[in-house]
Amino acid sequence: MDNIKTIEKIAYKQPAVIFNEFDPLKDEILRIIDNDGHVINEELFPELDDETVIKAYKSMLFARVADDMAVSFQRQGRMYTYPPINGQEAIQIAAGLIIREDDWLVPAFREMAIMLAKGVTLREIFLYYMGNEQGSNFSKAKHVLPICVPIASQLIHATGIGYSINYQKKDEVVFPYVGDGGTSEGDFSEALNFAGVWKVPVIFTIQNNQYAISFPVSGQTRSVNLAVKAVAFGLPGIKVDGNDFFAMYVAYKQAFDHARAGKGPVLIEALTYRKGAHTTSDDPSKYRTKEEEMEWDKTDPLQRLKKYIVRKGIWKEDEEKLIEEYKLEVEKQFTEAENFTPYPLEDVFQFMYVDTPDVLNIQKEDYKLYQNWKESRK
Amino acid sequence: MDNIKTIEKIAYKQPAVIFNEFDPLKDEILRIIDNDGHVINEELFPELDDETVIKAYKSMLFARVADDMAVSFQRQGRMYTYPPINGQEAIQIAAGLIIREDDWLVPAFREMAIMLAKGVTLREIFLYYMGNEQGSNFSKAKHVLPICVPIASQLIHATGIGYSINYQKKDEVVFPYVGDGGTSEGDFSEALNFAGVWKVPVIFTIQNNQYAISFPVSGQTRSVNLAVKAVAFGLPGIKVDGNDFFAMYVAYKQAFDHARAGKGPVLIEALTYRKGAHTTSDDPSKYRTKEEEMEWDKTDPLQRLKKYIVRKGIWKEDEEKLIEEYKLEVEKQFTEAENFTPYPLEDVFQFMYVDTPDVLNIQKEDYKLYQNWKESRK
Amino acid sequence: MSVMTIVQAINNALDIMLEEDKSVVVYGEDSGREGGVFRVTEGLQKKYGVERVFDSPLAESAIVGTGLGMALSGLRPVVELQFDGFTYPAFNQIISNVSRMHNRSRGMYKVPMVIRFPYGGGINALEHHSESPEALYAHIPGLKVVIPSSPHDAKGLLISCIESDDPVIYMEPKRIYRAIKQEVSDDKFSIPLGKAKVLTEGSDVTVVAFGAMIRECQKAMVMAKEAGISVELIDLRTIYPIDKETIAESIKKTGRIVIVAEAPESFSVGAELMAIANEEAFLYLEAPPKRVMGFDTIVPLAKGEPMYMITPDRIFYEIERTVKY
Amino acid sequence: MSVMTIVQAINNALDIMLEEDKSVVVYGEDSGREGGVFRVTEGLQKKYGVERVFDSPLAESAIVGTGLGMALSGLRPVVELQFDGFTYPAFNQIISNVSRMHNRSRGMYKVPMVIRFPYGGGINALEHHSESPEALYAHIPGLKVVIPSSPHDAKGLLISCIESDDPVIYMEPKRIYRAIKQEVSDDKFSIPLGKAKVLTEGSDVTVVAFGAMIRECQKAMVMAKEAGISVELIDLRTIYPIDKETIAESIKKTGRIVIVAEAPESFSVGAELMAIANEEAFLYLEAPPKRVMGFDTIVPLAKGEPMYMITPDRIFYEIERTVKY
Ligand SMILES: Cc1ncc(C[n+]2csc(CCOP(=O)(O)OP(=O)(O)O)c2C)c(N)n1
Ligand SMILES: Cc1ncc(C[n+]2csc(CCOP(=O)(O)OP(=O)(O)O)c2C)c(N)n1
Ligand SMILES: [Mg+2]
Ligand SMILES: [Mg+2]
């Protein structure tokens with residue numbers, strides 16, 4: 001009766017080893033170090049030299065410093081609404097080690113750390129949150145899409161980019177991000193379904209930080225977890241401890257090899273916690289307890305990795321000094337953003353179209369007339 | 001780490017017995033009689049008295065006759081585009097035995113047989129396909145929504161009705177329908193997800209008739225089947241031989257008991273075949289082979305049930321005569337629809353709002369002025 | 001009487017209707033426990049329970065579509081969409097189902113349902129948080145579209161919307177959510193849908209606006225007064241059905257009309273108002289009707305937004321030009 | 001030169017562009033093997049292979065959103081949505097992403113993408129198969145909206161759309177898909193976007209229309225001629241950006257304008273055209289601009305549709321009233 005199934009089906013756990021070992025249906029989770037930085041899964045421990053691990057830790061630290069400062073810049077009224085990434089650094093820095101220059105990053109809006117890793121400058125990120133779209137015109141980073149606010153819609157773009165890659169016979173891989181809340185949007189399902197059908201090289205990451213603004217993930221769905229949603233689209237899915245840098249690295253590494261080998265898309269649920277507010281306009285005390293926050297504090301990705309490297313005896317730096325350095329760097333980039341040229345009237349109109357219709361020019365000229373009039377009254 | 005999972009999760013195969021036994025992940029299928037009408041699963045054979053089985057067969061036969069005649073009425077130019085249900089009768093008539101007067105039917109557009117079972121008159125159905133919306137104002141049937149053309153959008157309405165039922169502490173059950181193609185729409189996923197979270201009494205049926213217009217189900221998704229999509233939303237899901245009346249009956253019976261007992265929604269994938277064209281404007285020979293059609297012909301739900309009842313010796317009727325009777329009945333209802341009062345100008349305006357804005361009345365009066373002018377020129 | 005902001009007035013209207021009618025339910029993203037990102041529904045879940053005021057999963061099509069299902073089966077849902085720019089995932093449900101179920105079923109079903117969301121710019125927000133899509137919804141047959149401009153109107157209009165047996169899009173001017181305080185009756189009262197309100201009588205020019213632009217127009221009128229121009233200010237209140245009569249009456253008096261709204265100018269409510277001016281008062285027009293509206297662009301981010309947003313002096317400038325025509 | 005219908009002309013334009021530019025891909029529901037429900041893409045999959053012309057799963061948001069992803073990464077997708085009424089599930093992708101990616105990224109990314117779909121009534125169709133949503137799309141900043149009225153235009157405009165680096169909504173008048181046959185050049189040629197075309201010159205009244213209504217207007221003009229009325233007929237061709245100049249020029253000549261379109265009248269392209277008449281030619285207007293448009297209702301099913309659809313004699317009736325004003 002199923003004789004017309006002409007397209008081969010990916011069984012939900014056929015591919016890369018790792019996706020076989022941790023069954024989302026049984027709610028299994030990939031974890032490599034525990035909260036104290038002890039290795040609990042030697043077998044899967046990745047081959048990473050110490051230098052790389054240290055570099056990763058420093059990138060996480062830099063992201064944390066930049067994030068904290070962003071929040072305080074916002075409080076000082078020097079920036080507008082900003083969504084902190086505090087607590088989600090391991091996921092993004094692990095991905096940052098894997099993603100290559102010509103791979104594609106398709107962010108939601110809480111991906112500052114991987115954007116930095118991909119070559120977006122802090123200056124650009126700050127400029128954006130200062131309310132200037134020029135911050136999304138990346139000067140150095142290649143193949144990074146601007147922040148996408150309409151939840152989950154960006155996942156579909158990633159699938160489309162994946163089609164292009166296959167079509168153009170390139171070997172690029174696409175890294176789209178979404179939150180736990182975003183898995184409820186229809187676009188999430190459509191993106192994964194098309195990705196499966198087209199067998200595109202796309203690694204979908206759900207940053208499950210437990211909340212969609214005030215709403216806990218427990219209310220988003222009755223599925224046993226979010227990784228299991230891959231089953232509905234014939235994708236391999238895996239649940240990973242997102243605050244465990246090594247686990248994230250291993251998952252990304254395998255997913256990347258899988259995708260580049262033409263084996264199609266995968267779904268990674270990265271379990272983490274949004275330590276900060278949803279955005280600077282949000283007050284988490286309205287909807288969650290201090291106890292819960294403290295419970296999750298124990299899993300903090302930076303502390304965990306730090307404990308590992310300290311115990312291994314490979315940490316030689318003075319962290320305080322490092323933080324001071326980072327602060328100066330962040331400050332510098334922030335100042336550059338603050339000193340960016342004022343927003344000209346042209347920028348309101350110029351980028352709506354490649355081939356700008358007359359009506360926009362007329363509106364602009366009309367506005368100038370009004371400005372002149374205003375000037376003349378002074 | 002999962003300590004904030006406050007809402008209990010439905011494991012995908014927790015509930016009603018039947019959903020345990022046939023695991024969609026293993027692509028298992030519930031089937032009770034084979035193509036020759038032999039019982040192949042005695043254990044699950046439902047307790048149905050002969051009379052009911054005969055009645056069901058006759059309802060299927062009636063639906064087939066009505067459907068065939070609808071197609072030929074359309075060919076004669078007496079009706080507009082019509083989507084035949086030929087081949088999908090077992091699913092709908094099995095549901096018809098279960099669904100009560102105050103349960104809700106939420107059709108897509110290929111549910112003529114269950115609409116009849118629910119009390120919609122053939123006259124109304126014909127009237128609708130003659131191009132008169134009055135055919136969707138059901139005179140007798142209660143709790144039936146009009147045909148819904150935007151694919152999968154109706155599933156969400158069903159979930160909302162389910163919420164009302166729980167809220168009002170009623171014990172009604174909702175029966176929404178969708179096709180295989182419809183499972184790719186975002187609304188399908190959103191409907192199932194909300195249904196799971198709200199634990200509503202909704203039985204989602206996918207009539208997997210192998211095609212979405214010209215596109216085979218094999219292209220819609222890489223999931224192993226469609227029932228398995230339930231996993232993504234924490235619902236029980238089952239794949240059933242939709243051309244096996246008894247299997248469909250058993251699945252619906254258990255789903256119904258499950259839903260009414262407040263255990264929440266279920267998903268049924270009913271495997272069937274659209275024997276006819278997509279609609280009367282479609283030509284299947286463009287995209288499928290005669291061989292394939294003949295292969296599926298062997299599974300025809302009417303023939304199968306007929307073989308069973310004949311073998312069991314409970315078939316006493318003269319089928320030819322029965323068909324003649326049915327034809328007369330269909331003819332009668334069709335004639336009534338054809339003799340329906342002409343479509344008045346009022347009907348264009350009257351139902352857009354309960355509280356009609358002036359602008360509609362003005363447009364109507366303006367149109368009358370034009371009509372008068374036109375009259376006057378004759 | 002209590003002094004209320006628009007946020008409080010809406011909350012109060014919801015409170016009254018939840019209290020009075022058990023079939024009213026209120027939900028949306030973050031609308032329950034937190035009381036919505038603007039705290040419009042604050043306190044209601046506590047008072048009426050999680051079955052009547054609740055958080056929904058994050059999916060606008062489902063929020064609206066389930067609301068429709070509820071409306072068909074005995075409830076009167078008031079659903080909240082979080083921002084103007086996030087109403088579009090629900091567009092198909094709104095245009096293809098919500099607005100049509102009554103017509104599709106030839107009156108067998110009614111759709112007593114309200115879809116609320118904050119709209120408009122001027123709050124230095126991220127993209128998609130500053131939009132004015134009223135023209136899109138006003139063009140859809142079967143919907144009513146309502147926009148209040150004051151706490152009093154916000155309450156009275158919302159009560160009418162909830163009591164309406166037709167589906168209503170209720171757009172809340174977020175920029176003035178808390179900017180205007182006003183004495184509002186604590187009792188239940190309603191304001192009829194489909195009727196505009198003459199806020200100030202005048203003789204030289206008619207200014208038509210709605211929502212957050214009313215306040216800007218009022219500021220411009222101070223300047224106009226100084227310049228000796230008598231402005232008649234009309235608050236549309238309901239975008240669809242639009243109150244042609246009140247507008248036409250006013251133009252017949254003043255001979256001039258200036259339309260102020262935030263949305264992109266082309267194919268806008270401004271265009272419809274100009275059409276009405278022509279259809280209903282052609283012979284009275286002494287100057288071309290004028291739209292003072294947003295550019296045909298996305299509302300810029302904070303640094304560019306001041307150029308996009310319509311200011312009182314720009315309104316005055318256009319009023320003066322129209323009067324001098 | 002070959003005699004072509006609109007269906008054939010579109011197919012021919014796609015064929016030429018697929019041939020010329022490997023970055024062009026064509027897909028949508030049933031667009032591949034079957035060649036689309038209207039057979040517009042027939043034969044193209046055979047010629048260019050399943051990677052370039054293909055069937056997609058059934059999900060409009062994904063069809064449009066993947067198209068955007070392709071456009072950002074080097075392709076020029078031409079996606080097909082099956083009917084006007086099924087474009088709405090893709091509305092969020094269109095309005096929130098497709099139309100804005102160029103602006104959002106400050107020019108870093110371009111979106112060379114075409115979204116095609118058949119539109120309009122008059123074919124006795126089911127609900128959602130007879131709609132004219134051009135006003136919705138024309139109000140969205142960042143899009144262009146194009147509607148041809150003849151085989152020649154269908155080809156030349158579509159080629160321009162595919163070559164455009166801006167996203168374009170290309171709406172096909174399904175009612176006349178096969179009704180008009182015309183000699184069309186077999187070569188590649190293009191027609192500029194944003195320019196209307198004066199189809200017939202005249203002096204008494206300007207009639208502006210587009211798509212399937214052009215043919216109805218031409219029939220009405222036969223009646224007008226008999227009645228001694230000289231009509232100037234303008235085919236908009238592009239709805240956005242709308243060609244204000246050509247319209248204004250014509251009104252300045254005739255002093256009168258009648259607008260003919262199928263969509264519901266309120267908040268429509270008709271309203272925008274009336275606004276333009278006022279803004280650009282106020283002093284020349286000798287009669288109120290007139291909209292001859294659909295009612296503010298859903299297009300009725302077949303039995304009611306003839307009352308909704310605009311007929312040549314209704315157009316003539318309104319032309320005559322406007323001229324006699
Ligand atoms: C389509 C859409 N609806 C609503 C919003 C408003 N909104 C912004 S963030 C957010 C919650 C997102 O939660 P999640 O997906 O878990 O991501 P997180 O913020 O936790 O990173 C919501 C509802 C939006 N941006 N887009
Ligand atoms: C949102 C939407 N997109 C497209 C269509 C056009 N259309 C009508 S039926 C159909 C195929 C449906 O296939 P399936 O869901 O398998 O149902 P079946 O026709 O086989 O019963 C399509 C694409 C539609 N009705 N609604
Ligand atoms: Mg989250
Ligand atoms: Mg099907």
Side-chain angles (χ1 to χ4, degrees), chain B residues 104 106 132-139 141 143-150 152-168 170 172 174 176 185-187 189-198 200 202 347-360 362, chain C residues 22-23 25 27 51-52 54-75 77 79 89-90 92-93 95-113 141-144 164-167 193-194 238 240-245:
Chain B
W104 291 78
V106 181
N132 192 327
E133 293 86 347
Q134 289 290 0
S136 294
N137 182 0
F138 309 127
S139 55
H143 289 182
V144 181
L145 262 49
I147 278 172
C148 186
V149 178
S153 65
Q154 72 279 3
L155 302 179
I156 297 187
H157 314 154
T159 297
I161 295 170
Y163 190 91
S164 284
I165 293 170
N166 285 351
Y167 181 84
Q168 296 163 338
K170 295 185 176 170
E172 299 158 4
V174 194
E185 288 279 5
D187 274 5
S189 294
E190 294 191 10
L192 266 66
N193 194 50
F194 270 56
V197 170
W198 290 349
V200 289
V202 179
D347 273 21
V348 176
F349 294 93
Q350 189 172 342
F351 303 101
M352 284 312 304
Y353 295 88
V354 176
D355 174 27
T356 302
D358 286 348
V359 57
L360 292 192
I362 291 166
Chain C
K22 248 224 102 176
S23 67
V25 294
Y27 64 101
E51 302 210 321
R52 300 195 60 201
F54 53 98
D55 295 313
S56 77
L58 208 176
E60 292 75 12
S61 184
I63 291 171
V64 168
T66 54
L68 173 56
M70 293 180 200
L72 301 178
S73 53
L75 303 189
V79 304
N92 186 46
Q93 285 290 351
I95 191 168
S96 301
N97 292 312
V98 169
S99 66
R100 304 178 168 207
M101 199 52 96
H102 184 253
N103 184 63
R104 185 180 295 158
S105 70
R106 281 300 185 244
M108 182 173 58
Y109 289 106
K110 289 179 193 153
V111 184
M113 159 172 196
L143 296 178
K144 296 188 175 180
S164 162
D165 279 336
D166 295 307
L193 305 185
T238 300
Y240 192 90
I242 203 162
D243 183 354
K244 300 190 185 195
E245 214 179 302

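So you know, we letter chains A, B, ... as the sequences are listed, proteins then strands, and number each from 1.
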Next on the checklist: For the CZ atom of C:Arg100 and the SG atom of B:Cys148, what is their distance to the nearest 0.5 Å?
Outcome noted: 10.5 Å

Checklist outcome for this item: Cut-off 4.5 Å, heavy atoms of chain B, and the answer for C:Val25 is side chain

Checklist entry - Taking the side chain from C:Arg104 and the backbone from B:Leu145, do they hold a donor-acceptor pair closer than 3.5 Å? => result no

Next on the checklist: Does atom CD (C:Glu245) have a neighbourhood of more than 12 heavy atoms from anything else shown, all under 6.0 Å?
Outcome noted: no

Next on the checklist: Using heavy-atom distances under 4.5 Å, tell me whether C:Leu68 contacts chain B through its side chain, its backbone, both, or neither.
Outcome noted: side chain

Checklist outcome for this item: Heavy-atom nearest pair, C:Tyr109 first then B:Val144, reads OH-O, 3.0 Å

Item to check | Atom group of C:Ser99 that falls short of 4.5 Å from chain B, counting heavy atoms | outcome: backbone

Next on the checklist: The test is side chain to side chain donor-acceptor pair (under 3.5 Å); show your working for B:Asn166 and C:Glu51 and say whether it passes.
Outcome noted: CA-CA 10 Å; B:Asn166 285 351; C:Glu51 302 210 321; over 6 Å; no

Next on the checklist: With a 4.5 angstrom heavy-atom cut-off, is it the side chain or the backbone of B:Val200 that approaches chain C, or both, or neither?
Outcome noted: neither

Checklist entry - Do the charged groups of C:Lys144 and B:Asp355 touch, with an N to O distance under 4.0 Å? => result yes

Next on the checklist: If we check side-chain contact (heavy atoms from CB on, under 4.5 Å) with B:Tyr353, which of these qualifies: C:Val111, C:Asp165, C:Asp166?
Outcome noted: C:Asp166

Checklist outcome for this item: Most contact-rich option vs chain C, by heavy-atom pairs under 4.5 angstrom, among B:Gln134, B:Gln154, B:His143, B:His157, is B:His157

Item to check | Test item: B:Gln168 side-chain N/O and C:Ser73 main-chain N/O as donor-acceptor pair under 3.5 Å | outcome: yes

Next on the checklist: Taking B:Phe351's backbone N and O only, do any of them form a donor-acceptor pair with C:His102's side chain (distance below 3.5 Å, no angle check)?
Outcome noted: yes

Item to check | Choice from C:Asn92, C:Leu143, C:Leu193 maximising heavy atom contacts with chain B below 4.5 Å | outcome: C:Leu143

Checklist outcome for this item: Looking only at B:Asp347, B:Val359, B:Ile165, most heavy-atom pairs under 4.5 Å shared with chain C are made by B:Asp347

Checklist entry - Do you know which two heavy atoms are closest between B:Pro146 and C:Ser105, and how far apart they sit? => result CG-CB, 3.7 Å

Checklist outcome for this item: Residues C:Leu75 and B:Tyr163: closest non-hydrogen pair is CD1-CD2, 4.4 Å

Checklist entry - Taking all non-hydrogen atoms of both residues, which atom of B:Asn193 and which atom of C:Pro57 are closest, and how far apart? => result ND2-CB, 4.3 Å

Checklist entry - B:Asp187, B:Thr159, B:Leu360, B:Leu155: which one forms the most heavy-atom pairs within less than 4.5 Å of chain C? => result B:Asp187

Item to check | C:Lys22 portion near chain B, given a 4.5 angstrom heavy-atom threshold | outcome: both

Item to check | Shortest non-hydrogen contact from B:Met352 toward C:Asn103 | outcome: SD-CG, 3.6 Å

Item to check | Aromatic ring pairing C:Tyr27/B:Trp198, orientation class (parallel under 30°, perpendicular over 60°, tilted between) | outcome: perpendicular

Checklist entry - Does the C:Gln93 side chain pair with the main chain of B:Ser153, one donor and one acceptor, at a distance under 3.5 Å? => result yes

